[in-house]
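What follows is a short report on a single structure.
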Amino acid sequence: MNQDRNAGTLRRLPVQKRSAERVERLLDACAELLDEVGYAALTTKEVARRAEVPIGTLYQFFSDRDGLIGALAARNLESFLERVADRLEREEPDGISGIVDVTVDEFVTMRQTIIGFGVVDFGAAGQDHILEPTLDNNTAVAGRLRSLTASLARAQDNAELEIAVRVALECADSVLKLAFRTDPQGDAQLIAECKRVLKSYLNDRLR
């Protein structure tokens, strides 16, 4: 877990290895329970029980259930960005089209394989400011993706790129939610359409 990025969602950062391991167990348990019982039925008491951690320890690091969800969302985002960056470095795709393919593919793979990701990816329903208190979740994610896009697409990191990435992310968010609405593996045709829309829009805006 990237402690700097999660600092805003934790009451305090774990310093000792044992504390860091307990925080990870709590987040793992939270993710498992989200898949089993859903967001509305999730309780800190059950998370602590599943993680085999005293409830008092949970509250040392998380103020409440929303703090726990926020830390899980932040961990998911860090994992996603690391996966995207690693794959882009390995494959060195050409231009916007390659970046879109990698970014969408990694999100889809995480949605298919990461426990709890289908309930809480980088945010949760009704929790629009879970990553950053002053930014909605999609704006916070877009800000992280913008610098990556700028360097790889040889685009200027300016207001034009900021709005382009934000619009692209909103489009992707809507279409991918639709793709997974009735198919747990994601509707392949809708995923392909998501890529097509993003490529067309970003290539037009950033050329």
| query | With side chains defined as the heavy atoms from C-beta onward, is the minimum distance between L58 and K45 less than 4.5 Å? | reply | no
| query | So do V108 and Q185 actually touch side chain to side chain, heavy atoms under 4.5 Å? | reply | no
| remark: Smallest heavy-atom separation, L72 atom then C30 atom, equals CD2-SG, 4.0 Å
| query | Does the side chain of D121 come within less than 4.5 Å of F107's, by heavy atoms? | reply | yes
| field | Salt bridge present between E52 and R25 (N-O < 4.0 angstrom) | value | no
| task | Give the C-alpha distance, both sets of side-chain angles, the deciding distance and a yes or no for side chain to side chain contact (heavy atoms under 4.5 Å, CB included) between T139 and R166. | result | CA-CA 6 Å; T139 300; R166 285 182 64 189; 3.6 Å; yes
| request: With rounding to the nearest 0.5 Å, note down the distance linking CG in D35 to CG in L42. | output: 11.0 Å
| request: To the nearest 0.5 Å, tell me how far Q60 CD sits from L26 CG. | output: 10.5 Å
| Atom pair OG1/CG of T182 and D187 - distance to nearest 0.5 Å | 6.5 Å
| Sub-3.5 Å donor-acceptor pair from the side chain of D173 to the main-chain atoms of N138, do we have one? | no
| said: Does R18 form a salt bridge (Lys or Arg N to Asp or Glu O under 4.0 Å) with E21? I'd like the steps, not just the answer. | reply: CA-CA 5 Å; R18 181 183 179 190; E21 289 173 347; over 6 Å; no
| task | Taking the side chain as every heavy atom from C-beta outward, state whether F62 and T44 have any atom pair closer than 4.5 Å. | result | no
| Can a cation-pi geometry be assigned to R111 and F180, taking NZ or CZ under 6.0 Å from the six-membered ring centre and within 45° of the ring axis? | yes
| Is the shortest distance from a Lys or Arg side-chain nitrogen in K199 or D101 to a carboxylate oxygen in the other one below 4.0 Å? | yes
| field | Transitive ILVMFWY side-chain link L27 to I115, under 4.5 Å | value | no
| task | Please report the shortest heavy-atom distance between L202 and A168, naming the atom on each side. | result | CD2-CB, 4.0 Å
| query | For the residue pair F80 and F122, does the interplanar ring angle fall in the parallel (under 30°), tilted (30 to 60°) or perpendicular (over 60°) class? | reply | tilted
| field | Side chain proximity check, V175 to V197, heavy atoms < 4.5 angstrom | value | no
| query | Counting distance only, does the side-chain N/O of R65 pair as donor-acceptor with the main-chain N or O of Y39 below 3.5 Å? | reply | yes
| said: Strictly below 4.0 Å, N to O, side chains only: are E78 and R75 in salt-bridge contact? | reply: no
| Side chain proximity check, L161 to R205, heavy atoms < 4.5 angstrom | no
| note | Closest heavy-atom pair, S79 versus M110, reported as atoms and distance to 0.1 Å, is OG-CE, 3.8 Å
| said: Quick one, D105 with K195, criterion side chain to side chain contact (heavy atoms under 4.5 Å, CB included). Give me CA distance, side-chain angles, the key distance, then yes/no. | reply: CA-CA 9 Å; D105 285 346; K195 291 181 180 181; 2.6 Å; yes
| said: So L81 and V141, do their side chains get closer than 4.5 Å, heavy atoms only? | reply: no
| said: My understanding is that only residues two or more places apart in sequence, or in another chain, count here; which of them pass side-chain contact (heavy atoms from CB on, under 4.5 Å) with N137? | reply: I130, L131
| query | Salt-bridged, R50 to E36, with N to O below 4.0 Å? | reply | yes
| remark: Rounded to the nearest 0.5 Å, the OG1 atom of T103 sits from the CG atom of L88 at a distance of 6.0 Å
| message | Regarding R196 and E193, does a basic nitrogen lie under 4.0 Å from an acidic carboxylate oxygen? | response | yes
| note | Closest heavy-atom pair, P93 versus V102, reported as atoms and distance to 0.1 Å, is CG-CG2, 4.5 Å
| Roughly how far, to the nearest 0.5 Å, is CG of N203 from CD1 of I96? | 6.0 Å
| message | Ignoring hydrogens, what is the shortest heavy-atom contact between V104 and C194? Give both atom names and the distance. | response | CG2-SG, 4.5 Å
| field | Close side-chain approach of S19 and V23, heavy atoms under 4.5 Å | value | no
| said: Quick check on the hydrophobic clustering: are V47 and I55 connected, directly or via other members, by side-chain heavy-atom contacts under 4.5 Å? | reply: yes
| query | Is the shortest side-chain N to carboxylate O distance from R90 to D86 below 4.0 Å? | reply | no
| query | Can you get from V100 to L178 by hopping between Ile, Leu, Val, Met, Phe, Trp and Tyr side chains that sit under 4.5 Å apart? | reply | no
| Which value, rounded to the nearest 0.5 Å, describes the distance between R22 atom CZ and K17 atom NZ? | 14.0 Å
| So, S63 side chain and Y59 main chain: donor-acceptor pair closer than 3.5 Å or not? | no
| said: To check you understand the geometry: which heavy-atom pair defines the closest contact between G123 and A73, and what is its length? | reply: N-CB, 3.8 Å
| Crowding at CZ, R87 (>12 non-hydrogen neighbours, <6.0 Å) | yes
